[in-house]
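Letters go in sequence order (proteins before strands), and every chain restarts at 1.
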Amino acid sequence: MLDIAFIRNNPDLVKEGIRKKRMRMDLDELLAVDEQVRGLRRDVEQIRADRNRLSKEIPKLKGAEKDEAVAQVKGLKDGLTSKEPQLREAEERFEQLMLLVPNPPAPEAPEGDSDDDNVEVRTFLEPRQFDFQPKDHLELAESLDILDIPRAVKISGARMYCLKNEGVMLEFALFRFTLDHLISKGFQPMIVPQLVRREAMIGTGFFPLGEEDTFFIEKDNLYLIGTSEVPLVAYHMDEILNEKELPKHYCGYSSCFRREAGSYGRDTKGFYRLHQFNKVEQISICVNDPEVSRQEHNLLLSNAEEIMQALKLPHRVALACSAEMGQGQVLKHEIETWMPSRGKYSETHSCSTLHEFQARRLMIRWRSKAGQTRFCHTLNNTAAASPRILIPILENFQNADGSVTVPEALRPYMRGIERIEPKQ
RNA sequence: GGAGGGAUGGCCGAGCGGUUUAAGGCGGCGGUCUUGAAAACCGUUGACCGAAAGGUCCGGGGGUUCGAAUCCCUCUCCCUCCGCCA
């Protein structure tokens, strides 16, 4: 959510942001409703001020004077009962519209329509050249006996999977390695609820626009999280944090659930797009200084890059173009990892700066030494998400004999296994 | 699932129809004292809207009343005990 004062003073900038993000939203309607709310509020508050003033006199009055004053206040009440519902209605509409306004992209974010317009920032390692016919991750996983999709579909439907054997070990190794790296950087490891209330979804900016992509447990009115960003950021909802405790650095492990509505037929094979996956996510909550925010962004991004470098996975860092950015994002970098079967770099990480967007919705504030309360800035970045990251691991580290070499960094967490061999 | 108790400022907690402009404590900030620190003492300190005047806010909504933190209804949430259970 943006500051309405900012919107009033910079309507063109906000409209430009709506256009760049390729969103549909009528900002003029919001500005009109804003005018309406302010007018009604002025009227209502004037009546209330009069009533309060008169009411205070009443206990001091006696007899006819008192009766007259009481009658006068009664008269004011009629004015209130007609105006108050109008005000409430206008305020409700105002709140609805405010939830739809996107955060304008930072000037450095490239304008564009799809991930083809993302701008490469740097690369790490060259894509591997094979001197044999490489297999895709599905073939590999099947022959290694670390995957069972047909049975997952039998019990749960499309876009579901079962990991088995070394596949499970590999995933746990990856997350342990990732957590250890982040803990050594001072990040607080967290396991958080994966079912959350609506407020957490709205507050982190996933609702109302992303509601279709979310699993909902109707009986209990709870939503399955699509990322632990939701509970980790909402963790400090309605709190006022002390300047001294900022920035807050968390790394949360959770499963993630996404309906992938509207993506039918896209990426239907393999580990790329699933209803359920696991992820370690990094979160930073800091003071609302764009400079600090920028430093935090770089910190989260380099943490993820360090993990990818340690795994020796060829990847590139790219600036996401405007249309690829979420409603609340000001700046987004993606790490795209080389996936031989796709013949291109594909997104495995997403690092986002949101400035005050989430903190305003969640009422996460900080108190400065001078005693002022301000909204915080929030940021998040993937540290590792599996099984998607297993695609480049399996495909890049496959050998001519069909085995897969375990990345050195993960071996200490794999009971020393160096290779996963084909079965049967 | 059964029974009960709660929701008040950054935190704890009093207040139960009209000096509440929300007591008191803790914490924060400033100061006195001290070589420095601690302790002690003194002062100060709620949030939101508004350019300001002013208004709003005691979990949300509705009601009673001239007037509600305070009374009534309702919803949400939290806690305790019992039952069941990983």
Side-chain angles (χ1 to χ4, degrees), chain A residues 1-10 30-31 33-99 101 191 193-203 207 216-223 231 234-248 255 285 287-288 356 359-376:
Chain A
M1 198 153 65
L2 302 184
D3 184 354
I4 183 60
F6 175 83
I7 299 175
R8 273 180 215 140
N9 296 331
N10 305 277
L30 172 67
L31 292 168
V33 173
D34 175 46
E35 278 299 319
Q36 198 188 349
V37 166
R38 290 203 289 169
L40 285 165
R41 185 174 291 149
R42 192 164 46 238
D43 295 347
V44 165
E45 289 189 353
Q46 186 56 53
I47 298 173
R48 278 182 186 152
D50 292 345
R51 184 196 61 187
N52 290 348
R53 191 164 33 76
L54 281 168
S55 281
K56 255 179 206 152
E57 298 298 318
I58 287 179
K60 301 176 195 162
L61 301 177
K62 291 227 156 56
E65 273 188 321
K66 182 165 184 170
D67 295 342
E68 196 186 320
V70 167
Q72 214 174 336
V73 176
K74 257 184 179 166
L76 289 174
K77 201 173 130 183
D78 294 338
L80 273 183
T81 49
S82 75
K83 289 261 179 180
E84 275 179 333
Q86 291 177 46
L87 175 60
R88 201 166 338 142
E89 210 174 294
E91 281 174 337
E92 264 171 39
R93 183 71 188 138
F94 176 78
E95 296 300 331
Q96 280 173 6
L97 290 170
M98 282 296 280
L99 289 180
V101 182
I191 289 179
Q194 299 176 16
L195 286 167
V196 298
R197 297 211 175 106
R198 190 175 179 78
E199 293 77 48
M201 297 302 287
I202 291 190
F207 284 10
F216 176 48
I217 311 294
E218 193 171 6
K219 193 174 179 190
D220 298 284
N221 241 288
L222 292 167
Y223 299 86
Y235 187 70
H236 288 294
M237 173 164 66
D238 295 323
E239 292 183 26
I240 299 180
L241 305 169
N242 200 303
E243 181 171 6
K244 277 187 288 196
E245 45 185 337
L246 297 178
K248 294 277 192 188
S255 292
I285 301 176
V287 299
N288 59 336
E356 297 179 7
R360 280 183 179 276
R361 290 173 170 236
L362 289 164
M363 289 296 280
I364 302 174
R365 292 169 290 173
W366 64 285
R367 193 188 305 281
S368 70
K369 281 194 78 172
Q372 300 161 309
T373 55
R374 294 282 132 92
F375 289 104
C376 295

Length of the line joining [X]:[atom1] and [N]:[atom2], which is rounded to integer Å:
X	N	atom1	atom2	result
A:Ile47	B:G67	CD1	P	14 Å
A:Glu95	B:C48	CD	P	15 Å
A:Met98	B:C48	CE	P	15 Å
A:Trp366	B:C29	CH2	P	14 Å
A:Gln36	B:C49	CD	C1'	17 Å

Return the polar atom pairs (N/O with N/O) between nucleotides 57-63 of chain B and the protein under 3.5 Å, or none.
unit_1 : atom_1 : unit_2  : atom_2 : d
B:G62  : OP1    : A:Arg88 : NH1    : 2.5

Pick the [atom1] atom in [N] and in [M], then give their distance to the nearest Å.
N	M	atom1	value
B:C12	B:U80	P	15 Å
B:U76	B:G28	C1'	33 Å
B:C26	B:G43	P	13 Å

Distances under 3.5 Å only, N/O to N/O: pair up the protein atoms with those of nucleotides 7-13 of chain B.
unit_1 : atom_1 : unit_2   : atom_2 : d
B:G10  : O4'    : A:Arg367 : NH2    : 3.1

As an exercise, state the distance from [atom1] of [X] to [atom2] of [Y], rounded to the nearest 0.5 Å.
X	Y	atom1	atom2	value
A:Phe375	A:Thr373	CZ	OG1	8.0 Å
A:Glu356	A:Leu2	CD	CG	9.0 Å
A:Asn288	A:Trp366	CG	CH2	6.0 Å
A:Met1	A:Met363	CE	CE	8.5 Å
A:Ile4	A:Asp34	CD1	CG	4.0 Å
A:His236	A:Ile285	NE2	CD1	5.0 Å

Applying side chain to side chain contact (heavy atoms under 4.5 Å, CB included), name anything that partners A:Glu92, two or more places apart in sequence or on another chain. A:Arg88
Would you say A:Ser368 places a side-chain N or O within less than 4.0 Å of OP1 or OP2 belonging to B:C29? no
Between protein and nucleic acid, restricted to nucleotides 50-55 of chain B and to nitrogen or oxygen atoms under 3.5 Å apart, what atom pairs and distances do you find?
unit_1 : atom_1 : unit_2  : atom_2 : d
B:G55  : O2'    : A:Glu45 : OE2    : 3.1

Assign the ring pair A:Tyr223 / A:Phe216 to parallel, tilted or perpendicular, where the plane angle (0 to 90°) is split at 30° and 60°. parallel
Before accepting this row, confirm whether a basic side-chain N of the pair A:Glu91/A:Arg41 lies closer than 4.0 Å to the acidic partner's carboxylate O. yes
Stems formed with participation of RNA chain B [Watson-Crick or G-U wobble, under 3.5 Å, three or more pairs]: B:1-7 with B:76-82, B:10-12 with B:24-26, B:27-32 with B:40-45, B:46-49 with B:54-57, B:59-63 with B:71-75
Listing time: all N or O pairs from protein to nucleotides 75-79 of chain B that are below 3.5 Å?
unit_1 : atom_1 : unit_2   : atom_2 : d
B:C77  : O3'    : A:Arg197 : NH2    : 2.6
B:C78  : OP1    : A:Arg197 : NH2    : 3.2

Could you pull out the closest heavy-atom pair between A:Leu87 and A:Val37, with the gap in Å? CD1-O, 3.7 Å
Heavy atoms from other residues, nucleotides or ligands near CD of A:Glu243 exceed 12 (cutoff 6.0 Å): yes
